[in-house]
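Report on one structure; see the data block that follows.
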Amino acid sequence: MEHGCFQIPNLIFFFRVDFERGPKKHSLGSSQNDGFFAKWGNMTQLQLFNTMGRKLMPFVPLVEGSVGLYCCGLTVYNFAHVGNLRAYIFEDVLRRTLEYSGFQVNHVMNVTDVGHLSDDADSGEDKMLKAAVEAGKTPWEIAEFYTKAFFTDLDSLNVLMPTTVCKATDHIPDMIALIQRIEANGFTYFSGGNLYFDISKFPEYGRLALLSLDDLKAGSRIEVDKNKKNPHDFVLWFTQSKFEHQAMLWDSPWGRGYPGWHIECSAMSMKYLGEQFDIHCGGIDHIPVHHTNEIAQAEAATGKKWVNYWLHNEFLLFGTEKMSKSLGNFVTLTTLGEKGYAPLDYRFFCLGASYRSQLKLSDEGLQAAKNGRAALSEKIILLKEDAGGAEGNAKSAPAASFLASFEEHIALDLNTPQALGDLWGLLRDEKVPAADRLAAAYEMDRVFGLGLKETEREKVDLDDEVIALVEEREAARKAKNFARADEIRKILEDRGIVLEDTPQGVRWRKK
Ligand code: AMP
Ligand code: ZN
């Protein structure tokens, strides 16, 4: 459905029209690799759980073969915590699944480097300024530092770089232009020095969060701002700063000031993806306020339905609570590294749960993920050695059946836990030639993003003494002196080196 609005003086009417465009169906794997997956035809229709409507829906893009995907980025006044990173891992798996399916994905992500309104309500502290004062730096320096750190984290997690990354501070004129459209359509009022969005003018307000305007009027827990007509009205442009020493200010038709937080996502997504696009993502915390307000702004400006699919990840919990910067209970990738968990162990940990389930951070869980990934790497290395560098065939009959099952699982709202089961099943199936197992595993890893193809045995620098012992053991074995051979094996094991006898000769690895 599409809805639009037209205006006659002081009156706005909404109408709805059917909003069905694009191809009828797009199948997972159907247009990949020169028809490689055509074997399965339309068997695997990608289904995504749409928060708008709260149900699984077949994915149909607006334009055949391509997808517009917008993901809310980080507010860069601190390091990303692993809860934030769960959101970006989920979005990366979504993007990879779309690409695996043959779509060309235009993936846009913002960076919130205007810090003052990073709180959902309009009452947040100026986090960027606070961080800057504490560090003796300017807000711009703080934003630049944490933006770099954020992208380093994403890279270490094998999260693909978005097609477009857009910083809020580079797009103030776009935000002003959008606010002017909203104002021209009659959705705003000016009060106490700030320009507000009047939610009573937008009857669909709260549709995403399943809140009616009546619910919102009653029992609001938002801090009352006496300038607002309704507690859920929100600021589009501030000229009255709540903060002393406001550093980030721009000229605007409403006076020198700064934008409200929500407007940046409406403005930048439409700039890079058009006034209507396919998928918008974020964590579930964004449903009731940020995304609700983004929809109100975009649709008030254009009079059209804005986004077709809303996908939200559940929280990473610390203990029983949401991990969050404001609660101070947060853990970064660096902290995990200090405990011995690599970034890809964390990615593997996240893949072990559906993105729509809560996930508790725990040492047991992380350790299990670390062990699981180590076992996976070891299996891949052994298969590589068995295959002797041969290029396998992922569509050989037994490998293909695992791949088909994987596709079914991932196409059903990104069921990564079950898809990982398919990977394990494939790797362990001795009936499938090693090279074919590898080929199919690499196909699956286009979605998992675990870097399986690059997995190599850790190089062990053997000192001369160890080399001499390995050689002595080989000689002892040839001379059938197994007692000495075992003795040497034990000596090396105590030094953390494990020997394996294979038809190709002796191999060693770190314990
Ligand atoms: P923010 O910088 O607060 O806008 O957060 C960046 C992204 O992380 C958003 O998509 C949030 O919804 C998401 N997020 C924040 N906290 C968590 C959490 N504990 N678990 C999962 N996602 C989160
Ligand atoms: Zn956003």
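Just follow the structure's listing: the first ligand is 1, and inside any ligand the first atom is 1.
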Would you mind telling me if ligand 1 is within reach of the side chain of [X], the backbone, both or neither, using heavy atoms under 4.0 Å?
| X | result |
| --- | --- |
| Met323 | both |
| His81 | side chain |
| Thr112 | neither |

Under 3.5 Å, N or O to N or O, is [X] touching ligand 1 that way?
| X | answer |
| --- | --- |
| Lys325 | no |
| Leu316 | yes |
| Ser324 | no |

*Mind checking the CE-CG spacing from Met270 to Asp174? Nearest 0.5 Å is all I need.*
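One gets 10.5 Å once the value is rounded to the nearest 0.5 Å.
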
_Rounded distance [0.5 Å steps], CE in Met52 versus CG in Leu208_ =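 Atom-to-atom, Met52:CE and Leu208:CG are 4.5 Å apart.
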
Which of the listed options, [options], holds the heavy atom that is closest to [atom]?
| atom | options | result |
| --- | --- | --- |
| atom 16 (N) of ligand 1 | Gln358, His290, Glu321, Lys322 | Lys322 |
| atom 21 (C) of ligand 1 | Gly83, Cys71, Gly283 | Gly83 |
| atom 4 (O) of ligand 1 | Glu314, His291, His286, Arg86 | His286 |

*For Tyr70, which of His291, His280, His107, His286 qualifies under ring pair (Phe, Tyr, Trp, His ring centres under 6.0 Å)?*
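Answer after filtering His291, His280, His107, His286: His280.
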
Atom indices of ligand 1 within 4.0 angstrom of [X] heavy atoms, with elements:
| X | value |
| --- | --- |
| Asp285 | 11 (C), 12 (O), 15 (C) |
| Asn313 | 21 (C), 22 (N) |
| Leu74 | 2 (O) |
| Gly282 | 10 (O) |

*Kindly say whether the aromatic ring centers of Tyr341 and Phe349 come within a distance under 6.0 Å.*
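No - the distance between ring centres of Tyr341 and Phe349 does not fall below the 6.0 Å cut-off.
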
*Which is it for Asp113 and Trp140 under the side chain to side chain contact (heavy atoms under 4.5 Å, CB included) test, yes or no, and what are the steps along the way?*
CA-CA 8 Å; Asp113 58 349; Trp140 283 272; 5.6 Å; no

*asked:* Please evaluate residues Gln367 and Asn371 with respect to the criterion side-chain hydrogen bond (donor to acceptor under 3.5 Å, both in side chains), reporting the C-alpha separation (whole Å), side-chain torsions for both, the decisive distance (0.1 Å), and the verdict.
replied: CA-CA 6 Å; Gln367 191 57 50; Asn371 295 345; 3.0 Å; yes

*asked:* So Phe277 and Asn106, do their side chains get closer than 4.5 Å, heavy atoms only?
replied: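 Of all side-chain heavy-atom pairs linking Phe277 with Asn106, none is under 4.5 Å.
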
*asked:* Which label fits Trp310 and His312: parallel for a plane angle under 30°, tilted from 30 to 60°, or perpendicular past 60°?
replied: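 The rings of Trp310 and His312 lie parallel, inter-plane angle below 30°.
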
*Take the angle between the ring planes of Phe234 and Phe197 and call it parallel below 30°, perpendicular above 60°, tilted in between.*
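Plane angle under 30°, so parallel.
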
_Under the criterion side chain to side chain contact (heavy atoms under 4.5 Å, CB included), I'd like the reasoning laid out for Tyr100 against Ile410: C-alpha separation, chi angles, the key distance, then a yes or no._
CA-CA 10 Å; Tyr100 183 100; Ile410 212 72; 5.7 Å; no

*Mind checking whether His312 has a heavy atom under 4.0 Å from ligand 1?*
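Flag not set, His312 not near ligand 1.
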
*Should Tyr88 be listed as contacting ligand 1, given a heavy-atom distance under 4.0 Å as the test?*
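Contact present.
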
*asked:* Between the side chains of Asp198 and Lys229, is the shortest nitrogen-to-carboxylate-oxygen separation below 4.0 Å, so that they form an ion pair?
replied: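 Counted as a salt bridge, because a side-chain N and a carboxylate O are separated by less than 4.0 Å.
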
_Any salt bridge linking Arg95 with Glu99? Criterion: basic side-chain nitrogen under 4.0 Å from a carboxylate oxygen._
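A salt bridge links Arg95 with Glu99.
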
*Do you know how many protein N, O or S atoms are within a distance smaller than 2.8 Å of the Zn ion (ligand 2)?*
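If we list every protein N, O or S atom nearer than 2.8 Å to the Zn ion (ligand 2), we get 4.
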
_Option among Arg373, Lys370, Lys339 that satisfies the salt bridge (Lys or Arg N to Asp or Glu O under 4.0 Å) test with Asp345_ =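 Running salt bridge (Lys or Arg N to Asp or Glu O under 4.0 Å) over Arg373, Lys370, Lys339 with Asp345 returns exactly one hit, Arg373.
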
